[in-house]
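Notes follow once the structure below has been shown.
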Number of protein chains: 2
Amino acid sequence: MNAYNFIKDSIIQGKYQPGMRLTEEYLAQELKISRTPIREAIKQLKTEGLIIPLKKGVSVRDFTKEDIRQIYDLRTLLEGYSAAQAAASRTEEDLIKLTEANLLYEEAINQYVEGDFDQIVKIVEMNQLFHDAIINASKNQHIHFHISRVVVVPIVFRSFYWYSKEKLKRSLDYHKIILQAIESQDTERARIAMHEHIYQGRDQVLTHLEDLKNDVSYKEETK
Amino acid sequence: MNAYNFIKDSIIQGKYQPGMRLTEEYLAQELKISRTPIREAIKQLKTEGLIIPLKKGVSVRDFTKEDIRQIYDLRTLLEGYSAAQAAASRTEEDLIKLTEANLLYEEAINQYVEGDFDQIVKIVEMNQLFHDAIINASKNQHIHFHISRVVVVPIVFRSFYWYSKEKLKRSLDYHKIILQAIESQDTERARIAMHEHIYQGRDQVLTHLEDLKNDVSYKEETK
DNA sequence: TATATTTTTATTGTATACAATCAAATTGAG
DNA sequence: CTCAATTTGATTGTATACAATAAAAATATA
């Protein structure tokens with residue numbers, strides 16, 4: 001794994017906590033490589049908005065409640081559009097891929113027992129696979145670029161910890177509704193179902209944001 | 001001016017033509033600096049999608065007609081949303097800034113005589129100032145990040161060459177309609193006017209894309 | 001003691017050397 | 001002559017040394 005992916009994953013999974021200062025030297029030692037590749041990774045993460053520049057060094061971005069709201073508003077807009085376009089332009093092959101992705105998502109949810117970190121990683125991955133398949137079916141390559149930058153937010157990943165199995169199943173139900181709408185080429189149904197699906201995700205994050213910020217592992221490493 | 005801005009401007013203004021291969025060595029000599037800062041700039045431009053990686057080196061991205069369509073669809077979506085939000089949340093201060101920006105745009109257009117490169121740069125700048133003021137009034141910081149990546153496309157810049165004074169004035173008229181809608185907090189009027197404004201820009205680009213690709217200066221440098 | 005000034009230290013910015021890798025040219029075998 | 005193997009050359013990837021700069025600490029001055 002390269003420096004960029006290592007640092008990014010560490011941020012997303014919460015190993016490097018929001019507000020934590022990162023220096024090139026520190027990361028170089030951590031990965032046992034020189035500063036050069038570290039600097040590149042930092043530059044990229046800065047461009048993506050996952051870390052923010054300090055006077056010297058950078059710090060892991062801390063997303064506020066307002067940030068979450070704004071990001072989810074955007075995500076709703078983009079993914080809603082994406083779902084509508086997918087409904088309009090989907091091929092038979094797209095449908096097969098969407099169905100497959102959703103089956104994998106279902107499987108991952110069924111195998112989940114509360115607190116299993118690796119399985120959460122899997123669920124997040126499979127969820128993303130489904131959303132990516134929709135973007136793909138929408139036939140707009142550029143939208144993928146933007147959604148991926150809206151979605152990759154540490155708090156979103158960590159929010160999956162707080163999902164009950166029931167809530168995960170409801171999320172799966174929405175995937176099925178969206179898939180159905182795309183299959184029957186009902187663009188507005190697809191858009192609205194996606195809107196609702198994303199907003200339910202947002203509510204989940206907002207509800208547990210306080211819990212997240214009071215999380216022990218969170219506080220200990222940032223002070 | 002740093003390496004990043006130099007290369008970016010060169011691409012946007014057409015000095016480095018679509019498809020042109022860029023090597024670190026070449027750019028280092030061009031800017032009379034070492035490869036290190038060049039590498040950073042390239043990484044960033046790659047992340048932004050303005051250049052695409054080759055097996056060795058990179059090349060300036062060539063946007064197809066389909067790219068333009070997709071990008072403008074996205075831009076319409078984002079800026080339409082932005083205008084609607086601005087209409088909902090604008091303050092008196094926002095209105096003052098919007099009015100000022102539009103006056104500067106009007107001024108720049110009035111002073112324009114066909115083919116004046118520096119004045120085109122000015123017009124593009126002032127146009128952007130107005131659009132930025134809307135995003136600002138929308139109170140969603142994150143949307144700026146995305147729109148700036150949708151808008152910064154070399155062809156958009158170069159398309160201004162083909163604007164007649166008449167078309168520029170029509171563009172200004174739309175700014176005024178949008179401003180009026182934002183002032184009277186008419187969210188849907190603001191959104192629709194922005195949609196129309198952006199799509200007229202798209203049509204302008206698409207109409208002259210062929211001319212652009214047949215441009216002498218374009219062909220000579222890319223072969 | 002409080003504040004301005006200097007010195008020290010930590011950290012990033014840049015240049016450069018060398019290693020790794022990929023593409024093109026060259027050579028050799030059938 | 002054609003195609004595969006090898007060599008050569010161009011280019012990027014990485015490490016590292018040193019310069020520039022900003023923050024922190026120490027010192028001096030009121």
Side-chain angles (χ1 to χ4, degrees), chain A residues 1-12 14-62 145 148-149 152 154 220-223, chain B residues 1-12 14-63 145 148 152 154 220-223:
Chain A
M1 188 183 285
N2 60 22
Y4 167 74
N5 283 116
F6 179 89
I7 300 170
K8 185 170 157 184
D9 286 354
S10 297
I11 291 173
I12 289 173
K15 195 183 154 202
Y16 297 151
Q17 303 282 343
M20 181 180 177
R21 182 168 176 239
L22 299 173
T23 65
E24 294 178 5
E25 196 85 24
Y26 167 76
L27 291 168
Q29 283 170 4
E30 195 88 339
L31 305 203
K32 293 186 226 310
I33 54 176
S34 84
R35 274 176 48 215
T36 309
I38 299 291
R39 302 193 79 245
E40 278 192 12
I42 285 180
K43 183 119 241 169
Q44 199 168 338
L45 290 165
K46 222 188 278 175
T47 307
E48 291 178 9
L50 233 61
I51 58 182
I52 53 172
L54 298 162
K55 325 67 175 329
K56 286 247 153 169
V58 296
S59 75
V60 177
R61 179 156 184 182
D62 190 9
F145 181 90
S148 68
R149 266 156 193 67
V152 178
E220 273 184 8
E221 289 191 36
T222 28
K223 69 142 182 267
Chain B
M1 190 183 285
N2 60 19
Y4 167 75
N5 284 114
F6 179 88
I7 300 169
K8 185 169 159 187
D9 286 354
S10 297
I11 291 173
I12 289 174
K15 195 182 154 202
Y16 297 151
Q17 302 284 341
M20 181 179 178
R21 184 171 174 236
L22 299 173
T23 64
E24 295 178 5
E25 196 85 25
Y26 167 75
L27 291 169
Q29 284 170 5
E30 194 89 339
L31 305 203
K32 293 185 228 305
I33 54 176
S34 84
R35 275 175 49 217
T36 310
I38 300 290
R39 302 191 81 246
E40 279 191 11
I42 286 179
K43 182 119 245 166
Q44 199 168 339
L45 291 164
K46 224 188 277 176
T47 307
E48 291 177 10
L50 233 61
I51 57 183
I52 52 174
L54 268 35
K55 325 79 189 304
K56 287 247 149 168
V58 296
S59 75
V60 178
R61 177 154 187 184
D62 190 8
F63 291 93
F145 182 90
S148 70
V152 177
E220 273 183 8
E221 289 189 38
T222 29
K223 71 142 182 269

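Chain naming here is simple, since letters A, B, ... match the order of the sequence lines and numbering starts at 1 in each.
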For atom OH of B:Y4 and atom C1' of C:dG13, their distance in whole Å: 19 Å

Looking at CD of A:E24 and OG of A:S34, how far apart are the two atoms once the value is rounded to the nearest 0.5 Å? 10.0 Å

At under 4.0 Å between heavy atoms, what does A:K56 touch on the DNA or RNA strands: base, sugar-phosphate, or nothing? base

Between C:dT21, D:dT12, C:dA15, which nucleotide has the shortest distance from any of its atoms to the side chain of B:I33? C:dA15

Point-to-point distance, once rounded to the nearest 0.5 Å, from CE of B:M20 to OH of B:Y26: 4.0 Å

Side chain of B:T23 only, heavy atoms from C-beta on: which candidate in D:dA23, D:dC18, D:dT11 is closest? D:dT11

A:Y4 vs B:T47 side-chain heavy atoms within contact, under 4.5 Å: no

Over how many whole Å does the gap from A:I38 atom CD1 to D:dT16 atom C1' extend? 15 Å

Whole-Å distance between C:dG13 C1' and A:K46 NZ? 11 Å

Are A:R39 and C:dG13 close enough that a side-chain N or O sits under 4.0 Å from OP1 or OP2? yes

Considering only heavy side-chain atoms of B:R21, the closest of D:dT11, C:dA23, D:dT12 is D:dT11

Here the distance between atom P of D:dG13 and atom CD of A:Q44, to the nearest Å, is 12 Å

Spacing between B:Q29 atom CD and C:dT14 atom C1', to the nearest angstrom: 17 Å

Round to the nearest Å and state the distance from A:R35 atom CZ to D:dT16 atom P. 12 Å

What I'd like to find out is whether the side chain of A:R61 reaches to under 4.5 Å of the side chain of A:L45, using heavy atoms alone. no

So if I take every side-chain heavy atom of A:T36 and compare against D:dT14, D:dT21, D:dT11, which nucleotide ends up nearest? D:dT14

Tell me the interatomic distance from B:E40, atom CD, to C:dA15, atom C1', rounded to whole angstroms. 13 Å

Should B:I42 and B:R35 be marked as a side-chain contact (heavy atoms from CB on, under 4.5 Å) after you check the CA-CA gap, both sets of side-chain angles, and the distance that decides it? CA-CA 10 Å; B:I42 286 179; B:R35 275 175 49 217; over 6 Å; no

In whole angstrom, what separates A:Y26's OH from C:dT11's C1'? 16 Å

Starting the side chain at C-beta, find the nucleotide from C:dA15, D:dG13, D:dA23 nearest to B:P37. C:dA15

Of the listed C:dT11, D:dT12, D:dT14, the closest approach to the A:S34 side chain comes from D:dT14

